[in-house]
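First the proteins, then the strands, lettered A, B, ... as listed; each starts at 1.
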Amino acid sequence: MLTEFGRVLIFFIIGAVFVAGGLVTAWLIRPNRPYPSKLTTYECGEVPIGDTRVRFNIRFYVIALIFLIFDVEVVFLFPWALVYSQLGWFAFVEMVIFIVILFVGYAYVWRKGDLDWDRPAPKIPTFEKGVGVREDHLLEEQVVGS
Amino acid sequence: MDLFDIVFYCFALIAVGSAVVVVFSRNIMYAAFALLFAFFGIAGLYVLLQADFLAVTQILIYIGGILVLMLFGVMLTNRVVDVDIKTGTLQIVPAAILAAVVGGSLSGVFYSTWSTVSGTPSDVATTTPAIGEMLMTSYILPFEIASIILLVALIGAAMIARRKT
């Protein structure tokens, strides 16, 4: 009666009940004494600044795009792996052709630097000879700042 | 109404309810996450139709790949909350024609295969080895062409998304 996916469904249900049960139990037995600093967004030892939703780097998007293509490739690999032992060399050669064609694309994005994670170069402070700190300038800033 | 029906209606409710949230949510982040549950509900429906390979593919590609891509797309946008999404009725005539064509072909498939479908799921057999055998024997050319299409998509996507220097 119980199919393989039926077992998966039972796992899903147990997982959902586990999470919901934990939250509901905590909600039932915990004392409710809120104060402002308890209600702020938790950030380890810091006062949270700004919005939680920051803009992501476009790099993530490119990597996700490339990942998606190879994700589709994996979908083709699964049925092949199941019949490989019956079909033998023929299926092996077919899959090698399939992968080599996609490997061309992989080599392309690698060569073109789409996989590189270019971080901005660190700015190393340098000292120039003969350029000192002018103290009157510093004093001026202090006056403006205060 | 047996257990099968109950599970079916649960998954249908998840899929349709999440799809409604996707359409009507003012926060596109919530819409993207609701899309996750819509995809999950569809995957559950595939399982109930005994299309196990399709169900796993749905989870692997739509939830694991496309949804992640969409979330990155959402995170790349400036405004996430309270976006003025256009939901007015624009392009009524093309929309009606497209809806009629899609709906007509779907119901055509539905009615032409209706008599061949038995009422209850007969035997529980995994479809993945059969798909693999078909791919490796009868459908070699589409299989290899799929590889070339993926290559074209990869190179095209990389070229378009590359940061202009």
Which bit of [X] is near chain B, if near means a heavy-atom gap under 4.5 Å: side chain, backbone, both or neither?
X: Tyr106(A); value: backbone
X: Val74(A); value: side chain
X: Val75(A); value: both
X: Leu102(A); value: both
X: Leu82(A); value: side chain
X: Leu87(A); value: side chain
X: Leu9(A); value: side chain

Between [X] and [Y], what is the shortest heavy-atom contact and its length?
X: Pro79(A); Y: Phe53(B); result: CD-CE1, 3.7 Å
X: Val83(A); Y: Pro129(B); result: CG1-O, 3.2 Å
X: Phe12(A); Y: Phe40(B); result: CZ-CE1, 3.5 Å

Distance (rounded to the nearest 0.5 Å) between [X] [atom1] and [Y] [atom2]:
X: Leu150(B); Y: Ile69(A); atom1: CG; atom2: CD1; result: 5.5 Å
X: Phe76(A); Y: Met136(B); atom1: CZ; atom2: CE; result: 9.5 Å
X: Phe70(A); Y: Leu154(B); atom1: CZ; atom2: CG; result: 5.0 Å
X: Asp71(A); Y: Leu60(B); atom1: CG; atom2: CG; result: 4.5 Å
X: Phe78(A); Y: Ile131(B); atom1: CZ; atom2: CD1; result: 13.0 Å

Quick check: do [X] and [Y] have side-chain heavy atoms less than 4.5 Å from each other?
X: Leu135(B); Y: Trp80(A); value: no
X: Ile140(B); Y: Phe90(A); value: yes
X: Leu69(B); Y: Phe67(A); value: no

Under 4.5 Å from a heavy atom of chain A, the part of [X] involved:
X: Val152(B); value: neither
X: Leu71(B); value: neither
X: Phe11(B); value: side chain

Once the angle between the rings of Phe143(B) and Phe98(A) is folded into 0 to 90°, is it parallel (under 30°), tilted (30 to 60°) or perpendicular (over 60°)? parallel

Flag yes if [X] and [Y] sit in one hydrophobic cluster, no otherwise; membership is Ile, Leu, Val, Met, Phe, Trp, Tyr, and two members link when side-chain heavy atoms are under 4.5 Å apart.
X: Leu77(A); Y: Val100(A); answer: yes
X: Leu106(B); Y: Ile97(B); answer: no
X: Val72(A); Y: Tyr139(B); answer: no
X: Ile66(A); Y: Tyr108(A); answer: yes
X: Leu49(B); Y: Phe8(B); answer: no

Is it true that, when you exclude Phe39(B) itself, more than 12 heavy atoms of the residues, nucleotides or ligands shown sit nearer than 6.0 Å to its CZ? yes

